[in-house]
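Each chain gets a letter, A, B and so on, in the order its sequence line appears, and its residues count up from 1.
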Amino acid sequence: MSDRTTWSMRGFSAATALLFVAITLLPVGYALIRSLWGAGGFSLDAYRIVLNEGRQWTLLLNSLGIAFGTTLVATVLGVLVGFSIEYIRVPARRALSYCVAVPFLVPPYISAVAWIDLLGENGILTVFLRKMPGIGALFPKLYSIPGVILVLALTHYPIVVLTTVLAIRQLDRRFEEAAQLVGKKARVLRSITLPLLAPGILSGALFVFILALVSFSVPSLLQVNVYPVEIYSRFSAFYDFRGATAQALPLVLTGAVVLSCWALYIRPRRAWLSGARRLKTLSHTGPIVRTVSAVCCWSLVALSAALPIAVLVRRSLPLTSYVDAWLTAREEIATSILVATGSATLLATLGFSIAYLTRRRSGGGGIYALSVLPFLLSGPVIGIGLILLWNHHGMRALVYDSLIVMVFACTGRFLFFAHQGTGAAMRDMHASLEEAAAVAGVTWWRQVTGVLIPILRPSLFGVWALGFLFSLRELDATVLVCPPGWTTLPVRLFTLMHYGPSRIVAALSVITVFMILFGGALTATVYAKTRKVLDARY
Amino acid sequence: MRGWTRTIVGIAIAPILLCLAGCGKEPSVVVVYTALDEMYSRPVLDEFETRTGTEVRAVYDTEAAKTTGLVTRLIAEQTRPRADVFWNNEVAQTIVLKNKRVIEPYLSPSAEPIPAKFKDPEGYWTGFAARARVIIYNTDLVQDPPTLVHDFLKEEWSGKAAIAVPLFGTTATHAAALFAFWGDEEAEDFFRGLLDNDVAVLAGNATVRDMVARGEYSIGLTDTDDANGAIEDGLPAKWLLPDQEPGGLGTLVIPNTVALVKRGPNPDAGKALIDFLLSPEVEGKLARMRSIQIPLNPSVEAPENVPDLAKIKTIDVSFESTAAKMAVAAEFVQKEFLR
């Protein structure tokens, strides 16, 4: 490698490291240091309280109960739907694939509002179900841990659907066909197919677990006390920043344990899904099974997506509510789109850079672990860390006094997903393409821009779209650092939930949902077209 | 550079440039952090902007939704304050800011007519446009409403009463006032009694109003502004001031408070805004709104549906004592109400 190449590579590495440290590590560091050093110097008192207080066990049980319960229900639903789409190959599976994504695109706090209308004390469904005691008992009381699990599972199961479908596509069916020579289908499914698919399925389950563990809006609205709600109480009722940061410790430890177990399980099993595809995948099931599966899947889509949206639309009438909602929040919509676009771009860029730099070096696991910290720590903790880091005179004021601080807040919180998504796509790429380019004398920068990025473009686009979605609905950290004179859509929506007329809330929620669905449809179309072009080329 | 690379770079840079547009100092600006509902505070701030030509940059609160409030932000920004004025919709948290030295004294000429009880003796904050804690009841379900907060412990209201979680907002202030007036033991007995009597603990005062008006609960504790909303919407609800009988406890009257942030970036504009907010004109405007904020300036004429401050029996406890009990009350509530 020439000197110029070495220096340019070092510059790229330094810039990436600087951005990663500034956006991800420093706010966390400031928050942690502030929690340990107070007016009286170094003190572990806040952490001692967390470890010794009796009600901490209740919080831990509630938080873990919701996380595990949501993961279990979402995984069961997700695997069943994923199998129906890709394995059983039900009729209209393409349309089903798109509709299944809808519950995940709807922000959880909007789903919770709709479910309160449906299953609240005098909800539409509650009144109906009271007349059917047997069936009514199947639905949990909404303001409870099972209620939270129900809402979160119905919102997050599409993640497991996606990873299950991707895993099935990468499954080498020759294993199954060989096994079916000596065993029955059910045994092959149990002993061969499911174990081979387990790494992919569990990857989706892991995401669901983490999202459920740190969920604030749904438990808060349904009045279940979990760690994220407790952290907010520490801020809002006690102004106890150190106590609030300490309360995040169990979330961080739980997340660390689960991620470590997952990494230990996944790493030796990555090669199981070979990526080999048969040109034509035959359906193994008869028409009755396919029909019953289709009915069940579409019923689930109706319950998880169509019903909540229908409730919101009903609540939003008359149609003038949409005009009022638009007039109330058009500036906030524009601000949210601006911040989400900036965050998604930075997420895709930084996620790609980190994945590229770490993929052939040791220490990638450490970077991976550090990037998940801002997500596990509660939003207000990160918000305070951002204020402490950027609210200073000079150059740092340029960041704090502008929307850039909100872009940094979103990027820091969701970098884990961007890094993970891009890294997974890079692992599937064969190294020989870059090696051939290097042998031909192509510089590392041209290898990146001319080989890597074009091949990874569909995945990068997917990471960008996911970053846009998460940033569009982000509330917890950005509410603390929003510059004066600017407000985002989630902040406006949350304010209106408690102060404004409910029809405006419902109308604004519907506008938010259809904005996201439109963006999702656009993403899927562009992704499909790009994928087709690349499949044809390579 | 290839076409798509140019596109990606353009997409990457454009939002950053636009975001940078959010910074920079304007010639005449005032920054206000306001906890009063945006639907009420925005028209007042817009009026100030129109009259003076000073651009108002507001940050509105979402505290009732339990997201982290303005007070936390003001404390965190102490080393480099971004706000000039803090307009709170209650008083205890303003006193917390005084104790943490986040605000500084300013004696506005507009504050002179306001009674001493609603002003800080050292000039750190001034109260205006108050709300009162009230009992709201559903007129279809209740013919003989309770008149005392202690009535919420009676068996006839078991499972039929609702309050907002007393950890945030004016309900927290009310809880702290009861702790200050009754003492810790009696106050704890009262709140435990509410739980034993199956009182519903809801997300906020507006939710209490909605649930009572819908008939899901018969009675509730809320504020005058939320209660009046139900009446203006034509819902079957009415409200009354509790504990008004001779020798009674009295109710809590909670003023909006305004304070000058210490070392704010635009102190002169901040003072001008405070003078405007404390003017009789603003109190009259807030009294005529849906929130029916009670004027503290005796010269302000309010509509008939606004309670007359002179005729309200208030709890005999100072705001400083109430603020001193906020942490104690919050610890108790967290232990008993949030399990």
Exercise. Give, as side chain, backbone, both or neither, the part of A:Phe241 having an atom under 4.5 angstrom from any heavy atom of chain B.
Key: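 Looking at A:Phe241, nothing touches chain B.
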Quiz item: Which atoms of A:Val405 come close to chain B, meaning under 4.5 Å heavy atom to heavy atom: side chain ones, backbone ones, both, or neither?
Solution: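 A:Val405 has no heavy atom closer than 4.5 Å to chain B.
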For the [atom1] atom on [X], are there more than 12 heavy atoms of other groups (residues, nucleotides or ligands in this structure) within a distance under 6.0 Å?
| X | atom1 | value |
| --- | --- | --- |
| A:Gln56 | CD | yes |
| A:Arg396 | CZ | yes |
| B:Lys98 | NZ | yes |

Practice problem: Could you tell me which of B:Gly229, B:Ala172, B:Ala58 has the largest number of non-hydrogen atom pairs under 4.5 Å with chain A? | Solution: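 Most pairs with chain A among the choices: B:Ala58.
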Practice problem: Give the member of B:Asp233, B:Leu167, B:Val32 that has the highest number of heavy-atom pairs under 4.5 Å with chain A. | Solution: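 The candidate making the most pairs under 4.5 Å is B:Leu167.
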Quiz item: Between the main-chain N or O of A:Leu480 and the side-chain N or O of B:Arg73, is there a donor-acceptor pair closer than 3.5 Å?
Solution: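 Between the backbone of A:Leu480 and the side chain of B:Arg73 there is a qualifying donor-acceptor contact (under 3.5 Å).
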Quiz item: Can we say B:Arg80 and A:Asp401 salt-bridge, meaning some charged N sits less than 4.0 Å from an Asp/Glu carboxylate O?
Solution: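 Judged by the 4.0 Å cut-off on N to carboxylate O distance, B:Arg80 and A:Asp401 do form a salt bridge.
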Self-check item: B:Val59 versus A:Cys482, closest heavy-atom pair with distance
Solution: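 B:Val59 and A:Cys482 have their closest heavy atoms at CG2-O, 4.3 Å.
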Under 4.5 Å from a heavy atom of chain A, the part of [X] involved:
| X | value |
| --- | --- |
| B:Val201 | backbone |
| B:Ala76 | both |
| B:Arg42 | side chain |

Quiz prompt | side-chain contact (heavy atoms from CB on, under 4.5 Å) assessment of B:Thr79 paired with A:Leu388 | solution = CA-CA 9 Å; B:Thr79 51; A:Leu388 294 172; over 6 Å; no
Quiz item: A:Val481, A:Thr328, A:Asn391, A:Thr487: which one forms the most heavy-atom pairs within less than 4.5 Å of chain B?
Solution: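 It is A:Asn391.
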Quiz prompt | CD1-CD distance between A:Ile387 and B:Gln78, expressed to the nearest 0.5 angstrom | solution =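 Between atom CD1 of A:Ile387 and atom CD of B:Gln78 there are 11.5 Å.
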Practice problem: Report yes if some heavy atom in the side chain of B:Arg82 is under 4.5 Å from a heavy atom in the side chain of A:Tyr400; otherwise report no. | Solution: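 In short, these two side chains touch, coming nearer than 4.5 Å.
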